[in-house]
Student: 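My questions all concern the structure below.
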Amino acid sequence: MSYSPNSPMLCYSPRVTIVGAGRVGSTLAQRIAEKNLADVVLLDIIPGMPQGLALDLMEARGIETHNRKIIGTNDYADTFGSEIVIIAAGTPRKPGMSRDDLLYTNAGIVVEATKKAIARSPDAIFIIITNPLDVMTYLAYQATSLLPQDPSGIVARHRIMGMAGVLDSARFQTFIAMEFGVSPVDVNAMVLGSHGDLMVPLPRYSTVNGIPITELMDAATIERLVERTRHGGAEIVELMQTGGAFFAPASATCLMVEAILLNESRLLPVSTYLQGEYGLENICLGVPCRLGCGGIDTVLELNLTDVEMAALHTSAESVRESIERAQQILATSYFSQQ
Ligand SMILES: NC(=O)c1ccc[n+]([C@@H]2O[C@H](COP(=O)([O-])OP(=O)(O)OC[C@H]3O[C@@H](n4cnc5c(N)ncnc54)[C@H](O)[C@@H]3O)[C@@H](O)[C@H]2O)c1
Ligand SMILES: O=C(O)C[C@H](O)C(=O)O
């Protein structure tokens, strides 16, 4: 069979770039390719490492029955024309550290990666994974110049988002399912706010087959599950001792990628730039968003109680302080000269 130059091009393949081919990045590459969602470009600074991972994933294709291309590279030129760019580059925390302890190492990495990636893929939708998540999502906005000087001005916020709420909600879902003895598939859970100890799990909006957990469990049990969710990342870091979670984070990001590439209109908690919603502006924070082929098309404002709203604002305050620290770090670092 030969290609005729007069045939219509019906064979378009979307392309997803993942910057950072470590544990999260490489697992995500596997998920995207093996779900047959897109071709994947895996980029890392370590010479040979993304190339080796890509070849390994390519050699699994016949067994996994797909024909997606996986390219490993150290060169941003290879990422050109990506529909989605995912930033998973940077250091994970060690036991005893908070995610904010990663500010110093990861701020410059995320800014540099975002600038280099958007130069090759000017229309891409960005999903940030690197921690501290909400701060890094904000810095990515700034790095793309999509963030206007006037915080209430028109902003292309649909194109940059952070992954955390899907993961935190999946953890809450898991703990509810384990406690109640049902499949996690029957549980819907909702976690808003920052990806940190001040995240805001919402029991009122978490259900077992439509039944709010507040009708199924006592307050002390719910509080125990909420606390475990808040420390879900740290629990794994303490157990593994050598880095953080990566299977569930890769699954959570893949769900977002799928929602975008397949235009699924999924309602998911996503870190986005707020412009007055929930009484907050000029900050990135996790709230329910509708995700489709253009990225975020709607930010949903829930009718929160005073207690829930206060918790969301406390969470936002901690992110705001970390954004200020990140700005100081960047202003005095090598990256300010780039
Ligand atoms: N948002 C979330 O829910 C969530 C979940 C899991 C992990 N994370 C974060 O994601 C990040 C990655 O985690 P991991 O477990 O994959 O770490 P990892 O150490 O396994 O991988 C990080 C990779 O980034 C690469 N890297 C470093 N600087 C780079 C640069 N300038 N350009 C390109 N690549 C670069 C490293 O070489 C390494 O391969 C960490 O910050 C972690 O805390 C966030
Ligand atoms: O906890 C971490 O440091 C990694 C990630 O943010 C997670 O929640 O698993």
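Scope of the values below: all heavy atoms of this structure, side chains included, with no hydrogens, waters or symmetry mates. Along the sequence shown, the residues carry numbers beginning at 1. Remember, it's 1-based here, ligands and their atoms both numbered in the order they're listed.
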Student: Check whether any side-chain heavy atom of Ile70 lies under 4.5 Å from a side-chain heavy atom of Arg61, and answer yes or no.
Tutor: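 The answer is yes; the side chains approach within 4.5 Å.
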Student: With a 4.5 Å cut-off on side-chain heavy atoms, are Arg93 and Asp101 touching?
Tutor: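 SC-SC contact between Asp101 and Arg93 ruled out.
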Student: If we ignore angles and hydrogens, is there a donor and acceptor under 3.5 Å between the side chains of Ser82 and Thr17?
Tutor: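 Yes, Thr17 and Ser82 have a side-chain donor paired with an acceptor closer than 3.5 Å.
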Student: Could you check if a side-chain atom of Asn36 sits within less than 4.5 angstrom of a side-chain atom of Arg68, using non-hydrogen atoms only?
Tutor: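 Yes, close enough: below the 4.5 Å cut-off.
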Student: Are Arg31 and Ser251 close enough that a side-chain donor and a side-chain acceptor fall under 3.5 Å?
Tutor: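 A pair is found: one side chain offers a donor N or O, the other an acceptor, under 3.5 Å apart.
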Student: With the side chain counted from C-beta on, respond yes when Ser322 and Leu103 share a heavy-atom pair under 4.5 Å apart, and no when they do not.
Tutor: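 Touching, per the 4.5 Å side-chain cut-off.
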Student: Are any protein N/O atoms closer than 3.5 Å to the N/O atoms of ligand 2? If there are, list each pair with names and the distance to one decimal place.
Tutor:
unit_1: ligand 2; atom_1: 1 (O); unit_2: Arg93; atom_2: NE; d: 3.2
unit_1: ligand 2; atom_1: 1 (O); unit_2: Arg93; atom_2: NH2; d: 2.8
unit_1: ligand 2; atom_1: 1 (O); unit_2: Arg99; atom_2: NH2; d: 3.3
unit_1: ligand 2; atom_1: 3 (O); unit_2: Arg93; atom_2: NE; d: 2.6
unit_1: ligand 2; atom_1: 6 (O); unit_2: Arg99; atom_2: NE; d: 2.9
unit_1: ligand 2; atom_1: 6 (O); unit_2: Asn131; atom_2: ND2; d: 2.8
unit_1: ligand 2; atom_1: 6 (O); unit_2: His195; atom_2: NE2; d: 2.6
unit_1: ligand 2; atom_1: 8 (O); unit_2: Arg99; atom_2: NH2; d: 2.9
unit_1: ligand 2; atom_1: 8 (O); unit_2: Arg171; atom_2: NH1; d: 2.8
unit_1: ligand 2; atom_1: 8 (O); unit_2: His195; atom_2: NE2; d: 3.1
unit_1: ligand 2; atom_1: 9 (O); unit_2: Arg171; atom_2: NH1; d: 3.4
unit_1: ligand 2; atom_1: 9 (O); unit_2: Arg171; atom_2: NH2; d: 2.7

Student: Please tell me if the side chains of Ile71 and Asp39 come closer than 4.5 Å, counting only heavy atoms from C-beta onward.
Tutor: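 Side chain of Ile71 against side chain of Asp39, heavy atoms only: no contact under 4.5 Å found.
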Student: Looking only at the side chains, is there a donor atom on one of Thr221 and Asp218 sitting less than 3.5 Å from an acceptor on the other?
Tutor: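 There is such a pair between these side chains.
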Student: List the protein residues in contact with ligand 1, where contact means a heavy-atom separation under 4.0 angstrom.
Tutor: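 Only Val19, Gly20, Gly22, Arg23, Val24, Asp44, Ile45, Ile46, Met49, Ala88, Ala89, Gly90, Thr91, Pro92, Leu102, Asn106, Ile109, Glu112, Ile129, Thr130, Asn131, Leu133, Met163, Leu167, His195, Ala245, Pro249 have heavy atoms that fall under 4.0 Å of ligand 1, ordered by chain and number.
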Student: Check whether any side-chain heavy atom of Ile125 sits under 4.5 Å from a side-chain heavy atom of Met161, and report yes or no.
Tutor: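 Yes, their side chains come closer than 4.5 Å.
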